[in-house]
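Remember, it's a predicted structure, so these values are computed and weren't measured experimentally. Proteins get letters first, then strands, A, B, ... in listed order; numbering begins at 1 in each.
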There are 4 protein chains.
Amino acid sequence: MSSGARRSEEARRAILASALAITGELGYERASIEAIARRAGSGKQTIYRWWPTKAAVLQEAVEDANGASTAFPDTGEVVGDLRSQMHGVVAFFVDPELGPVFRGLIAAAQSDPEVADATLRSLFGPRRQVAINRLVAEQQRGRLDPQADAELLVDLLYGPLYYRLLVTRGVLDDHYVDQLVSAVVVPLTR
Amino acid sequence: MSSGARRSEEARRAILASALAITGELGYERASIEAIARRAGSGKQTIYRWWPTKAAVLQEAVEDANGASTAFPDTGEVVGDLRSQMHGVVAFFVDPELGPVFRGLIAAAQSDPEVADATLRSLFGPRRQVAINRLVAEQQRGRLDPQADAELLVDLLYGPLYYRLLVTRGVLDDHYVDQLVSAVVVPLTR
Amino acid sequence: MSSGARRSEEARRAILASALAITGELGYERASIEAIARRAGSGKQTIYRWWPTKAAVLQEAVEDANGASTAFPDTGEVVGDLRSQMHGVVAFFVDPELGPVFRGLIAAAQSDPEVADATLRSLFGPRRQVAINRLVAEQQRGRLDPQADAELLVDLLYGPLYYRLLVTRGVLDDHYVDQLVSAVVVPLTR
Amino acid sequence: MSSGARRSEEARRAILASALAITGELGYERASIEAIARRAGSGKQTIYRWWPTKAAVLQEAVEDANGASTAFPDTGEVVGDLRSQMHGVVAFFVDPELGPVFRGLIAAAQSDPEVADATLRSLFGPRRQVAINRLVAEQQRGRLDPQADAELLVDLLYGPLYYRLLVTRGVLDDHYVDQLVSAVVVPLTR
DNA sequence: TAGTAAACGAGACGGTACGTCTCGTCTTCTT
DNA sequence: AAGAAGACGAGACGTACCGTCTCGTTTACTA
């Protein structure tokens, strides 16, 4: 039924790799589509054909580099599991290639609602949602105070992470995560 | 000794007003210096003479529009005072002219360390610091659990605000602030 | 016995018709190979397989549309015969579909020597040559001044036609042809 | 009353020189505005600010290189004066830099009526007109057959020149001009 | 009351990147 | 094998802004 040349997986991979590398080196703003195409050895049109914006390229690059990261570990021990997931998030935030991409995508989202929707839907929302789900499940199992508002708890856990990443540029490490979890979740466990 | 014309206060005001208006209408990204100068009826050089970047113009515009906002109310009742200050922060975040400017400045800070330093120093840092100071003072007065880490507490209060502003675009209102304060600070008061 | 598909006469005809139509409508420059293929319902490769350039396509289209036009009428009366041939040339020049093609081919020839050679060889040269031949024959029969330079005479007859077509865009009709012939050839006849 | 920076004569000259050089080397078609700007060391916008099209740049370059050429010599001897003017025209046609420009402008005129109008008005028309004027004056002085149509005579003189330049690419030199003048004008002088 | 020097509006300049278009080639599937 | 379809690398198109640099003009201090 269909016919014609198919999308080149080779070109796709070269473009995503180039986009990540240039954003890591020069930052999101200075990573122009021209430069990404140049380094990838591709034509600009090949980028515009498959992605609407630079943000979309980088979002796909992150998803490719980080496929299964939405998984939430379940050892039966919620505090440890939360710490594990958040350690993973922090690892991405401080990754020298992915960190600038995350920060750039959030920056772009401030001026472009489509970027905001897309990144929230595919990058930031799912991680948040699995955490919420796990906390609710924990409440149903009677191991977490049922009075607590799970969404608020997750805001209290993730909010400070993004706050440090984007605003205060304070230390972001596993110890900080452990402090957060200890302050927010531990008092509510049974 | 010196002579010649002095800086025109009229031009300065026209430029700051134009910058705020255009950023409110078109967003931070599309608010070019050309457009700001055009609307202000000024030459581009007049902007470049007095400000190094678009971010610096907007930062000054915000400070002008919002001079005394660093003040932290002190009624002797810390929970209420915290709520008051945070209500003020939320009011700026949701202001139709200032909100986009805050978000734009944080976005610009992700690609430009000078913007990051300047905005943190003059806009975001001071509000954070007065809150920390007040919490420490409250601990010294014995009205707040002395074990608590005041910096962490402030992260728990402000982090979720920025998280909603920049990432999840969830509801940002006084009720949410009250929830935060109730969950984070109230359990530690004596 | 033979194997493989043969050249599709159907595709060839669709391409030549599309090329003529688009050149007539949009002019030579805007008649891109992409557009010709699109309108013909053919693939671009089918054009590139059989013709080296857009000019070659159009040249073949003109030849197809105008096969036997090199014929020079011979009624024994040279002045009338010249007029007849030149009326035919003018008819092509002012044809709404072929005129733009002629002008476009001459335009393309200015930047591409291969187009210049090919069009001169197959389109413009032969008409010129039969006229020269006839004039020489006429001299040999003693009906035309043998001192006259036949090539120069043909330049004097055709030059003004192309000059009006390409440069001055003055009136090009049978009356003008008759004036030319009367001024150039008639005084030399016996 | 007026204000602002003035047009840079230096940039203008660099652009015109670059345009002539590149057209001479690569031909009209391949002389892109990007390449002209690159070689001139100017920005593209500086070209687009002052000229609507590549053709307009080259037309001005020709006029600059060839300011007073519309002058028609008047020694009182019309045949010699015609030869002089036409020798000048031929000199431009065969100039290695200007020749390709003339041919390119005429080529562009075939697809763009504005180019056709502009070049006819400023480059090709005036030369034609002074020749017509001179022939008419000569008729009024009684030194040229008053029956002759001056416009037709000029077509007979110039037409073959353009015909050779654009179509047959035959020899274009002073001798050919002299033949033309001898065949067309001399028989009509008194 | 001049003279003078800096700030002003205006806008041209050399650049970079934008997103689109077409080129001529290459690849895939269909006939 | 030839064709329709269409992706690919390449690169020019014309536009928007960048930050710098003249231009006259206006303003306000100095002599």
Side-chain angles (χ1 to χ4, degrees), chain A residues 1-8 10-12 14 30-38 40-50 52-54, chain B residues 1-8 10-12 14 30-38 40-50 52-54, chain C residues 2-8 10-12 14-15 29-35 37-38 40-50 52-54, chain D residues 1-8 10-12 14 30-38 40-50 52-54:
Chain A
M1 208 90 286
S2 66
S3 139
R6 292 293 171 265
R7 179 172 184 177
S8 160
E10 193 184 353
R12 178 179 163 276
R30 272 183 289 260
S32 67
I33 289 195
E34 301 235 347
I36 293 170
R38 212 178 297 133
S42 84
K44 291 198 306 179
Q45 191 57 47
T46 302
I47 298 182
Y48 285 111
R49 182 153 34 228
W50 299 110
T53 58
K54 175 172 71 172
Chain B
M1 210 81 290
S2 70
S3 119
R6 293 292 172 263
R7 178 172 185 179
S8 159
E10 192 184 353
R12 177 178 164 276
R30 274 181 289 261
S32 67
I33 290 200
E34 303 237 347
I36 292 170
R38 210 178 299 133
S42 84
K44 292 197 315 180
Q45 190 58 42
T46 303
I47 298 182
Y48 284 111
R49 186 158 24 232
W50 301 111
T53 58
K54 174 172 72 172
Chain C
S2 67
S3 85
R6 290 289 172 265
R7 178 172 185 179
S8 159
E10 191 184 355
R12 178 180 163 275
I15 287 163
E29 284 269 292
R30 273 182 289 261
S32 67
I33 290 201
E34 305 238 347
R38 210 177 300 132
S42 84
K44 291 194 323 180
Q45 192 56 43
T46 304
I47 299 182
Y48 284 111
R49 187 157 23 232
W50 300 111
T53 59
K54 175 172 72 173
Chain D
M1 205 90 289
S2 66
S3 133
R6 292 292 172 266
R7 179 171 186 178
S8 160
E10 192 183 353
R12 179 180 162 275
R30 272 182 288 260
S32 68
I33 290 196
E34 301 237 345
I36 293 169
R38 213 179 295 131
S42 84
K44 291 196 306 179
Q45 190 57 47
T46 302
I47 299 183
Y48 286 112
R49 186 159 23 234
W50 299 112
T53 58
K54 176 172 69 172

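The two atoms that bring B:Ala31 and B:Ile36 nearest to each other are O-CD1, 4.2 Å, heavy atoms only. Across C:Ile47 and C:Ile15, no two heavy atoms sit closer than the pair CG1-CD1, 3.8 Å.
Listed pair C:Arg49 / F:dA2 fails the phosphate criterion, with no side-chain N or O lying under 4.0 Å from OP1 or OP2. Dashed line: the shortest gap from a side-chain N or O of B:Trp50 to OP1 or OP2 of E:dA6 is not under 4.0 Å. For the OP1/OP2 pair of F:dG6 and a distance below 4.0 Å, the side-chain nitrogens and oxygens of A:Arg6 include no atom meeting the criterion.
Distance from the side chain of B:Ala5 is smallest to E:dA6 among F:dG6, F:dA4, E:dA6. For A:Thr46, taking side-chain heavy atoms from C-beta onward, the closest of the listed nucleotides E:dC8, F:dC8, F:dA4 is F:dC8.
When each of D:Lys54 and B:Ala31 is assigned the nucleotide of DNA chain F with its nearest heavy atom, D:Lys54 is the one assigned upstream, toward the 5' end. Take the nearest nucleotide of DNA chain F for C:Ala37 and for D:Ala35: the residue whose nucleotide is more 5' is C:Ala37.
By the side-chain hydrogen bond (donor to acceptor under 3.5 Å, both in side chains) test, B:Lys54 is found to be paired with no residue, residues two or more places apart in sequence or in another chain being considered. The side chain to side chain contact (heavy atoms under 4.5 Å, CB included) search around B:Ala14 returns B:Ala40, not counting sequence neighbours. Partners of B:Arg30 by side chain to side chain contact (heavy atoms under 4.5 Å, CB included), not counting sequence neighbours, listed by chain and number: B:Leu26. Applying the side chain to side chain contact (heavy atoms under 4.5 Å, CB included) test to D:Ala11 and every residue at least two apart in sequence or in another chain returns D:Ser8, D:Thr46.
One can place CD1 of D:Ile47 at 9 Å from P of E:dG14, the figure rounded to the nearest angstrom.
Note: D:Ser32 OG to D:Lys44 NZ = 8.5 Å, rounded to the nearest 0.5 Å. C:Arg38 contributes atom CZ, which lies 11.0 Å from atom OG of C:Ser42 (distance to the nearest 0.5 angstrom).
For DNA chain F, the stems formed by at least three consecutive Watson-Crick or G-U pairs, with both atom-pair distances below 3.5 Å, span E:1-31 with F:1-31.
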Tabulate atom names and distances for all N/O pairs under 3.5 angstrom spanning the protein and nucleotides 20-22 of chain E.
{"from": "E:dC21", "atom 1": "N4", "to": "A:Gln45", "atom 2": "OE1", "distance (Å)": "3.0"}

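B:Arg12 is not listed as a side-chain neighbour of B:Trp50, based on a closest heavy-atom distance of 4.5 Å or more.
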